[in-house]
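For ligands, and for the atoms within them, numbers begin at 1 and follow the listed sequence. Predicted model, so just to flag it, every value in this text is computed and none were measured. Position 1 is the first residue of the sequence, and the numbers go up from there.
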Amino acid sequence: MTSCVFITGTDTDAGKTRVSALLLRVAWMQGLRTLAMKPISAGCTRNPTLGHYENADALILQHLATEPTTYQEVNPIALEPPIAPHIAAERANERNLLLRARLGWQALYAKSPDLLLCEGAGGWMLPLDEGHLMPQFVRETNQDVILVVGMKLGCLNHALLTVAAIAQSGCHLRGWIANTLTPEPMPYYTENVATLKERIAAPLLAEVPFLADVSDEQAWCESHQHLIKID
Ligand SMILES: Nc1ncnc2c1ncn2[C@@H]1O[C@H](COP(=O)(O)OP(=O)(O)OP(=O)(O)O)[C@@H](O)[C@H]1O
Ligand SMILES: C[C@H](N)[C@H](N)CCCCCC(=O)O
Ligand SMILES: [Mg+2]
């Protein structure tokens, strides 16, 4: 059975890709078969050899998943400017984002990995094409949600709003991860985490400190093997 998780964040730059990379490494250490995707990316550069647009997040996910994929399987919708994807899509005359994201996800799901990880873009309520928001994609594909909270002043409001919106979307929040984005944790980090623990029913799955380099990541993953449990 495939465990399907959608990684959302309190905002763009909350650490969704960094945390996704950690989860994929943990799964790899356990010998699990993983696939990962970023269905919609905005902020791409043209690959000079292959000619298509590529996004740095998608390349990280493709590289860290254990199963081989084409770039297009990982990131079916790659938009050039680093702006809101629905605006970039309109400018590039790209249509049917919701449908294409779902078809792309279903193609990877059909490969029956142990873990299928999908990174969102921006925060939870990201607009897609006409009348649709990203939560519709998550609900249609029945993925569990993991919320990455970028630990900085303002995150309490963003995290609690996001948790409420996930529930309102009819999606299941598997848990949340407190991610430190700066070499020094935010002032009163412990109190801020405690505030969220008291108010979010879903479990705090992990705390990620500022990870300066790959050896820090390796050590963190070794001590967080319990994080990926396949049902
Ligand atoms: N725990 C961490 N330790 C060190 N640096 C971090 C950590 N988490 C995030 N960062 C850095 O912060 C920046 C933003 O993180 P990341 O790219 O993962 O955010 P994101 O939520 O995926 O953003 P986007 O919305 O663009 O996809 C990156 O440069 C990343 O390396
Ligand atoms: C370009 C950036 N890094 C992300 N890829 C897209 C963020 C979109 C945010 C949209 C919004 O909520 O205003
Ligand atoms: Mg990212």
Describe, in one word, how the ring planes of Phe6 and Trp124 are oriented to each other, choosing from parallel (under 30°), tilted (30 to 60°) and perpendicular (over 60°).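 Ring orientation, 0 to 90° scale: perpendicular.
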task = For His52 and Glu54, test the side chains for any donor-to-acceptor distance below 3.5 angstrom and give the result as yes or no.
result =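 His52 vs Glu54: donor-acceptor pair found between side chains.
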| Check: Thr141/Gln106 side-chain N/O donor and acceptor closer than 3.5 Å |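 The answer is no; no qualifying pair exists.
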Under a 4.0 angstrom heavy-atom cut-off, which atoms of ligand 2 come close to Pro82?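 Answer for ligand 2: 1 (C).
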Ligand-residue contact atoms, ligand 2 with Ala42, heavy atoms, under 4.0 Å =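 Result: 1 (C), 5 (N).
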Considering only the protein, which heavy-atom contact is closest to [atom], and what is its distance?
atom                    : value
atom 11 (C) of ligand 2 : Leu126 CD1, 4.7 Å
atom 13 (O) of ligand 2 : Ala84 CB, 5.0 Å
atom 6 (C) of ligand 2  : Ile83 O, 4.1 Å

Note to self: Please determine whether residues Leu23 and Val145 belong to a single hydrophobic cluster, defined as Ile, Leu, Val, Met, Phe, Trp and Tyr linked transitively by side-chain heavy-atom distances below 4.5 Å.
What the structure shows: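 Per the 4.5 Å side-chain linkage, Leu23 and Val145 are not co-clustered.
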- prompt: If two hydrophobic side chains count as joined below 4.5 Å and joins carry through other members, does Val19 share a cluster with Leu117?
  reply: yes
Sort by chain and number the protein N/O/S atoms that are closer than 2.8 Å to the Mg ion (ligand 3), and list them.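 Protein N/O/S atoms under 2.8 Å of the Mg ion (ligand 3): Thr17 OG1, Asp57 OD2, Glu119 OE2.
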Is the backbone of [Y] close enough, under 3.5 Å, to the side chain of [X] for a donor and an acceptor to pair up by distance?
X      : Y      : result
Asn179 : Val148 : no
Gln30  : Ala27  : no
Thr70  : Glu73  : yes
Asp129 : Leu98  : yes

#### Entry: Intermediate values then yes/no, side chain to side chain contact (heavy atoms under 4.5 Å, CB included), Gln225 and Val26
CA-CA 6 Å; Gln225 292 293 301; Val26 168; 4.1 Å; yes
Discussion item. For atom 3 (N) of ligand 2, is there a protein heavy atom at a distance under 4.0 Å?
Written reply: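 Given the 4.0 Å cut-off, atom 3 (N) of ligand 2 counts as touching protein heavy atoms.
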_Distance under 4.0 Å, heavy atoms only, partner ligand 1: which residues pass?_
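Residues Thr12, Asp13, Ala14, Gly15, Lys16, Thr17, Arg18, Lys38, Asp57, Glu119, Gly122, Asn179, Thr180, Leu181, Val208, Pro209, Phe210, Leu211 each place a heavy atom under 4.0 Å from ligand 1, listed by chain and number.
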Exercise. Return the set of residues passing ring pair (Phe, Tyr, Trp, His ring centres under 6.0 Å) with Trp220 (not counting sequence neighbours), or none when no residue passes.
Key: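 Checked Trp220 against ring pair (Phe, Tyr, Trp, His ring centres under 6.0 Å); matches are His224.
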Checklist entry - Which residue pairs pass the salt bridge (Lys or Arg N to Asp or Glu O under 4.0 Å) test when at least one of the two sits in residues 4-21, sequence neighbours left out? => result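 Sorted pair list: Arg18-Glu217.
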